[in-house]
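Have a look at the structure below, then the notes.
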Amino acid sequence: MTDGERMSPGRRTVLGAAGAAVLGTAATGLAGAPASAAQRHGGPAAYRDLPVPYVIGHRGTAGYRPEHTLGSYQHALDLGAQVIEQDLVPTKDGHLVCRHENDISATTNVSDHPEFASRRTTKTVDGTAITGWFTEDFTLAELKTLRAKERIPGNRQHNTLYDGRWDVPTFEEVLRWAQEQGRRLGRRIWLHSETKHPTYFRGIGLPLEDRVAALLRRYGRHRADSPQFLESFEPSSIQRLAKLVDTPSVVLLSNAGTRPWDFVVSGDPRTVDDLVRPAGLEWIASYAQGIGPTLDLIIPKDASGRLTKPTTLVRDAHAQGLILHPYTMRNENTFLPADFRRGTDPNGYGDAFGAFKTYFATGIDAVFSDNADTALLAAADFRKH
């Protein structure tokens, strides 16, 4: 067994149950685990007990439904994703809502509402000027008058069928949904929640971390064994959260050469290149449980978009006790490495299974995917070999 394939005995015990879940059978306990743990938790007792590799439903199941809607989250759960992701941004009156960005121009029908036309504005978020409508300029009641829509209709025209079907959910609504689904299924529902642009929001008087922590405590997701991950591209946000709750956390890492925005603001000269070196990983491990690197940090691409040789990141992170949740796998040719594209339609499906197999072989612990069903089948195939 390679370094990347090592796992704790607790993680091995759930592989059989996870395979059954992929095939549609409900696994409500841990095969081989103490009865008390299975009875108490109704599923993996902690993140180290999740099947490896596990599947994180990216923004729900964004390949099939408009992202960050209860419909998208439910579909990801129904397909079998072990963990489901939310991105969190605040409203004007301090509620946390689930949107990939605070600019809601592309993900809601706000432009169809003449009463909000005057709120279209230009803001600089993390150093980038953006023109649109922003969640922090709307009360929750106002946001609830909008409907969600597909963010990239040019790539996913089939998703536009669901435009207008769901509203913008609050994080508390998602927590209640997870609670209800957990009761229905007899097991805990795992979530993966990101603080978006935390330095920006702190600067305008809407800090995220206390709000996130308060909701986690309210719904019992503040413990080290809670079915919950926290994530952020800003290490300082994860450090703040670590002082408020014991929930497992993941530092997201963007492209090589870039700097987290909180580093830019604070004058920290380090880049992602520094953070993926052993010293940087050791620093992250002092307050977080994992990293969420872009897939290019796992296996870089050459100038033609083809995969090259894997880096040592998986081995180095595991050596520090960190788990890896890289992002994002999608089925369409336009999003796949050139090696796995098939045909000439950029929006047609390529050899996603081949790509999954290649990434899983590096020893990653999980993967974010827009297509949970494809990822789950690929993970099940990988475990058989």
Side-chain angles (χ1 to χ4, degrees), residues 11 14-28 30 41-44 46-87 98 100 156 159 162 166 169 171 174-175 177-182 184-194 221 226-231 248 250 252 290 292 295 323-332 335 352-353 355-356 359-360 364-383:
R11 291 168 93 178
V14 297
L15 295 186
V22 170
L23 297 175
T25 54
T28 59
L30 297 180
H41 295 287
Y47 73 91
R48 292 286 185 186
D49 297 314
L50 287 163
V52 176
Y54 46 97
V55 174
I56 305 166
H58 188 233
R59 309 177 196 175
T61 182
Y64 307 122
R65 301 289 187 272
E67 64 190 34
H68 290 311
T69 57
L70 286 175
S72 184
Y73 300 147
Q74 184 67 54
H75 195 46
L77 181 65
D78 292 344
L79 289 174
Q82 284 96 1
V83 186
I84 300 170
E85 186 203 28
Q86 307 78 48
D87 295 329
C98 301
H100 176 54
R156 292 171 172 166
N159 282 11
Y162 303 98
W166 297 288
F171 186 37
V174 173
L175 293 171
W177 166 81
Q179 196 175 64
E180 292 163 0
Q181 294 301 311
R184 179 177 71 88
L185 297 172
R187 61 179 174 83
R188 306 191 304 170
I189 307 302
W190 286 74
L191 303 178
H192 209 302
S193 309
E194 179 182 350
R221 289 177 172 265
S226 294
Q228 176 77 49
F229 294 99
L230 296 171
E231 54 174 322
V250 172
L252 299 173
L295 285 166
I323 54 175
L324 294 97
H325 292 178
Y327 65 94
T328 302
M329 267 296 297
R330 301 174 170 98
N331 286 358
E332 294 92 348
F335 302 118
F353 286 114
F356 274 115
Y359 287 120
F360 286 152
I364 59 177
D365 299 272
V367 67
F368 285 90
S369 176
D370 281 7
N371 308 89
D373 50 351
T374 309
L376 287 160
L377 286 170
D381 289 345
F382 182 75
R383 294 189 200 105

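- Here L70 pairs with Y73, P169, V174, W177 under the side-chain contact (heavy atoms from CB on, under 4.5 Å) rule; sequence neighbours left out.
- Under the side-chain hydrogen bond (donor to acceptor under 3.5 Å, both in side chains) criterion, W166 pairs with no residue, sequence neighbours left out.
- Considering all non-hydrogen atoms of both residues, N371 and G63 come closest at ND2-CA, 3.9 Å.
- Partner of E231 under the side-chain hydrogen bond (donor to acceptor under 3.5 Å, both in side chains) criterion, out of H192, H325, Q86: H192 alone.
- Residues passing the salt bridge (charged side-chain N to carboxylate O under 4.0 Å, His left out) test with E194 are K196, sequence neighbours excluded.
- H100 meets the ring pair (Phe, Tyr, Trp, His ring centres under 6.0 Å) test with no other residue; sequence neighbours excluded.
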Derivation of the side chain to side chain contact (heavy atoms under 4.5 Å, CB included) call for V367 and Y359
CA-CA 9 Å; V367 67; Y359 287 120; 6.0 Å; no

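- Taking R65 as the reference, nothing meets the salt bridge (charged side-chain N to carboxylate O under 4.0 Å, His left out) condition, with sequence neighbours excluded.
- T61 pairs by the side-chain hydrogen bond (donor to acceptor under 3.5 Å, both in side chains) definition with nothing, not counting sequence neighbours.
- With sequence neighbours left out, T374 forms a side-chain hydrogen bond (donor to acceptor under 3.5 Å, both in side chains) with N331.
- Between the side chain of Q82 and the backbone N or O of V55, at least one donor-acceptor pair lies under 3.5 Å.
- Not counting sequence neighbours, the partners of D78 by the side-chain contact (heavy atoms from CB on, under 4.5 Å) test are Q74, R184.
- Taking all atoms of both residues into account, the shortest heavy-atom contact from S72 to A62 is OG-N, 4.0 Å.
- When the ring pair (Phe, Tyr, Trp, His ring centres under 6.0 Å) test is applied to Y64, the partners found at least two apart in sequence or on another chain are H75.
- Minimum heavy-atom separation, S226 to R188: CA-NH1, 4.0 Å.
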Verify side chain to side chain contact (heavy atoms under 4.5 Å, CB included) between F229 and I323, making sure each step is shown before the conclusion.
CA-CA 12 Å; F229 294 99; I323 54 175; 3.8 Å; yes

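- Nearest heavy-atom pair across R383 and P51 is NH2-CB, 3.7 Å.
- Of all heavy-atom pairs spanning L376 and L79, the tightest one is CD1-O, 3.2 Å.
- P44 approaches W190 most closely through the heavy-atom pair O-CZ2, 3.8 Å.
- Shown here are the ring pair (Phe, Tyr, Trp, His ring centres under 6.0 Å) partners of F360, two or more places apart in sequence or in another chain: F356, F382.
- Legend: residues meeting side-chain hydrogen bond (donor to acceptor under 3.5 Å, both in side chains) with Q228, ordered by chain and number and at least two apart, are S193, R221.
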